[in-house]
Amino acid sequence: MNDQYSEYIKALGFPDRPVLFLDEKAFKGNCQWVIENAGSKKIRIATKSLRSKAVFQKILALNPVFQGLMTYDLREALWLREEGFKDILMGYPTMDKTSLTELAKNPSGITLMVDLPEHLEFLNSIAESAGTKFEICVDVDMSMDLPGLRFGVYRSKINSEDHMRSFLKKLKSCNNLTLTGLMGYEAQIAGVMDKESFLIRSLKKLSLRQLQDRRQKLVELIHADGHVLKFVNGGGTGSLSETRTENCVTEITVGSGFYAPVLFDHYHDFTLTPSLLFTLPIVRHPSENIFTCLGGGYIASGSLEKIKQPTPYLPKGMTLLKHEGAGEVQTPFQYTGSSKLKVGDSVIMRHAKAGEICERFPEISVVNKGKISETLKTYRGEGKTFV
């Protein structure tokens with residue numbers, strides 16, 4: 001591992017500032033894993049997990065199995081369409097009237113996400129005013145409710161056939177909306193670590209049976225109501241092997257798996273290779289085994305847990321200090337490894353999640369065969385910030 005550390009540092013030109021970089025070999029290996037595990041399904045790219053237009057292009061060019069994007073903000077979707085991307089699905093509902101009014105001028109290529117009557121009324125009024133139609137996708141809830149426990153996340157309200165019937169009834173009065181897709185994100189399967197928990201793995205198996213039955217019935221209900229679905233979207237990196245077996249699913253969304261952040265070290269059924277990493281320069285040496293780096297406090301979103309901090313990666317033997325952690329402008333760590341570190345050297349870290357780290361860097365240096373082969377702009381490097 002420390003040989004790899006030396007190779008990375010040399011390839012990056014012995015960086016003296018924080019640098020975000022992509023290991024091309026590891027990245028392509030992760031892409032190949034997705035291809036091999038997609039089964040007969042198409043793979044839609046989750047933009048929030050990658051946050052680099054150039055990275056989307058690299059993936060789409062690899063294999064025809066990769067088709068379309070799932071975006072998280074309508075401003076983002078409009079921009080990406082301008083940049084030539086096609087088949088864009090909004091992963092979340094939007095109430096952005098300004099952007100929707102812009103979309104109404106040319107609604108092609110972008111599908112909007114809905115799950116409430118309020119969404120339908122709002123979108124229909126804008127489309128009606130513009131004399132056009134929006135294509136929509138209905139988001140259905142894939143969580144499992146147990147006594148005293150919700151195994152899943154709070155997203156859509158539609159979790160039963162009765163809820164879907166009410167939704168479809170409301171849709172009949174919205175003449176400027178066309179239902180073309182269904183999405184069901186099984187967050188408790190795709191996004192919950194299970195390597196160290198037999199209980200979590202058992203809950204996942206129980207939940208899988210329930211959600212697969214629910215998704216099938218809701219799709220059948222939509223078809224019976226006379227709608228023609230262009231796609232049924234499901235899954236994520238963590239549920240790829242399960243979701244690919246569902247007959248009604250036509251595509252699976254994948255994002256984080258391409259970068260393989262720290263959270264993906266804690267899944268029981270698969271192993272990916274870390275590909276997106278960042279360096280921090282050592283600027284202090286306050287005591288014999290303690291070194292302090294510039295920056296590093298790139299904390300991941302979600303519930304507050306120790307694992308949401310960046311993780312020291314290379315050289316082997318680094319650990320964050322319990323009472324300081326990763327800080328806004330400095331990150332100290334204890335070092336017990338064999339490499340000879342000194343002030344002016346850089347160490348290599350991993351982020352807990354995937355694309356969020358791209359919000360802190362304008363570019364990604366691509367390391368390939370011992371050198372920087374290209375530099376890719378992140379959203380920030382393109383001058384874009386969304387949510």
Side-chain angles (χ1 to χ4, degrees), residues 44-53 56 67-141 153-158 163-164 166-185 218 222 225-234 251 253 255 301 355 359 379-380 382-387:
R44 186 178 292 274
I45 300 168
T47 64
K48 79 173 182 64
S49 299
L50 302 175
R51 304 195 196 210
S52 169
K53 186 180 71 179
F56 309 155
Q67 292 185 15
L69 304 178
M70 177 181 286
T71 57
Y72 57 93
D73 187 274
L74 186 51
R75 294 168 297 164
E76 174 203 17
L78 289 167
W79 170 59
L80 290 172
R81 187 179 67 176
E82 287 177 8
E83 294 295 311
F85 290 93
K86 304 181 185 302
D87 187 10
I88 298 171
L89 171 64
M90 282 284 294
Y92 308 86
T94 181
M95 303 298 285
D96 180 351
K97 187 174 182 179
T98 301
S99 296
L100 286 166
T101 302
E102 181 66 25
L103 176 65
K105 297 174 184 177
N106 173 19
S108 65
I110 297 178
T111 304
L112 299 169
M113 190 65 66
V114 297
D115 65 75
L116 289 172
E118 295 94 320
H119 297 151
L120 298 178
E121 291 172 0
F122 184 60
L123 297 182
N124 192 68
S125 66
I126 294 173
E128 187 177 40
S129 296
T132 191
K133 286 191 174 186
F134 289 143
E135 290 195 3
I136 60 171
C137 174
V138 59
D139 187 2
V140 298
D141 177 47
V153 296
Y154 288 97
R155 291 171 62 98
S156 171
K157 189 177 182 178
I158 301 174
H163 285 154
M164 180 59 78
S166 296
F167 173 85
L168 294 173
K169 182 179 179 181
K170 177 64 180 178
L171 182 59
K172 291 183 187 300
S173 65
C174 299
N175 296 323
N176 293 80
L177 302 179
T178 303
L179 180 60
T180 59
L182 177 142
M183 182 182 81
Y185 174 49
L218 295 180
I222 289 172
D225 202 52
H227 302 276
V228 178
L229 296 180
K230 294 180 180 179
F231 63 89
V232 176
N233 179 284
E251 62 177 42
T253 300
S301 63
E359 295 293 339
Y379 278 11
R380 284 294 179 104
E382 299 266 12
K384 302 294 182 181
T385 56
F386 301 109
V387 296

Please report the closest heavy-atom contact between Asp115 and Ser156, naming both atoms and the distance.
CB-OG, 3.5 Å

Within the 4.5 Å heavy-atom criterion, are Ile126 and Leu103 side-chain neighbours or not?
no

For a 4.5 angstrom cut-off between non-hydrogen side-chain atoms, does Asp87 reach Phe231?
no

Calculate, to the nearest 0.5 Å, the distance between atoms CG and CG belonging to Leu177 and Leu112 respectively.
8.5 Å

Taking every heavy atom of Thr253 against every heavy atom of Ala46, the minimum-distance pair comes out as CG2-CB, 3.6 Å

Considering only heavy atoms from C-beta outward, does the side chain of His163 approach that of Leu218 to under 4.5 Å?
no

Between Asp96 and Phe122, what is the shortest heavy-atom contact and its length?
N-CE2, 4.5 Å

Evaluate Leu171 against His227 for side-chain contact (heavy atoms from CB on, under 4.5 Å), listing each step before the verdict.
CA-CA 11 Å; Leu171 182 59; His227 302 276; 3.6 Å; yes

Would a distance-only check, ignoring hydrogens and angles, find a side-chain to backbone donor-acceptor pair under 3.5 Å from Thr111 to Cys137?
no

Measure the OH-OH distance between Tyr185 and Tyr92 for me, rounded to the nearest 0.5 Å.
7.5 Å

To check you understand the geometry: which heavy-atom pair defines the closest contact between Arg155 and Gly91, and what is its length?
NH2-O, 3.7 Å

Return the minimal non-hydrogen interatomic distance between Ala130 and Ala104, and the atom names on each side.
CB-CB, 3.6 Å

Reported CG-to-CG distance for the pair Asn233 and Leu182, which is rounded to 0.5 angstrom:
8.5 Å

Side-chain donor or acceptor of Asn176 paired with backbone N/O of Thr132 under 3.5 Å
yes

One should read off an interatomic distance between Met113 CE and Thr94 OG1, to the nearest 0.5 angstrom, of 12.0 Å

Is the shortest heavy-atom distance from the side chain of Val138 to the side chain of Ile222 under 4.5 Å?
yes

Closer than 3.5 angstrom, by distance alone: can the side chain of Thr47 be matched with the main-chain N or O of Met70 as a donor-acceptor pair?
yes

Nearest 0.5 angstrom please: Leu78 CG to Met90 CE, how far?
8.5 Å

Which atom pair, heavy atoms only, marks the closest approach of Val140 to Met164?
CG1-CE, 3.6 Å

Could you tell me the separation between the CG atom of Leu89 and the NZ atom of Lys230, rounded to the nearest 0.5 Å?
11.5 Å

Contacts satisfying salt bridge (Lys or Arg N to Asp or Glu O under 4.0 Å) that involve residues 69-81 (not counting sequence neighbours) are Asp73-Arg75

Non-hydrogen side-chain atoms of Gln67 and Lys86 separated by less than 4.5 Å
no

I would like to know whether Leu179 and Asp225 meet side-chain contact (heavy atoms from CB on, under 4.5 Å); could you show each step before the answer?
CA-CA 11 Å; Leu179 180 60; Asp225 202 52; over 6 Å; no

Does NZ or CZ of Arg51 lie under 6.0 Å from the centre of the six-membered ring of Phe386, at an angle within 45° of the ring axis?
no

Please determine whether side-chain contact (heavy atoms from CB on, under 4.5 Å) holds for the pair Phe85 and Lys53, giving the CA-CA distance in whole Å, both sets of side-chain angles, and the decisive distance to 0.1 Å.
CA-CA 9 Å; Phe85 290 93; Lys53 186 180 71 179; 3.3 Å; yes

Please determine whether side-chain contact (heavy atoms from CB on, under 4.5 Å) holds for the pair Thr385 and Arg380, giving the CA-CA distance in whole Å, both sets of side-chain angles, and the decisive distance to 0.1 Å.
CA-CA 6 Å; Thr385 56; Arg380 284 294 179 104; 3.0 Å; yes

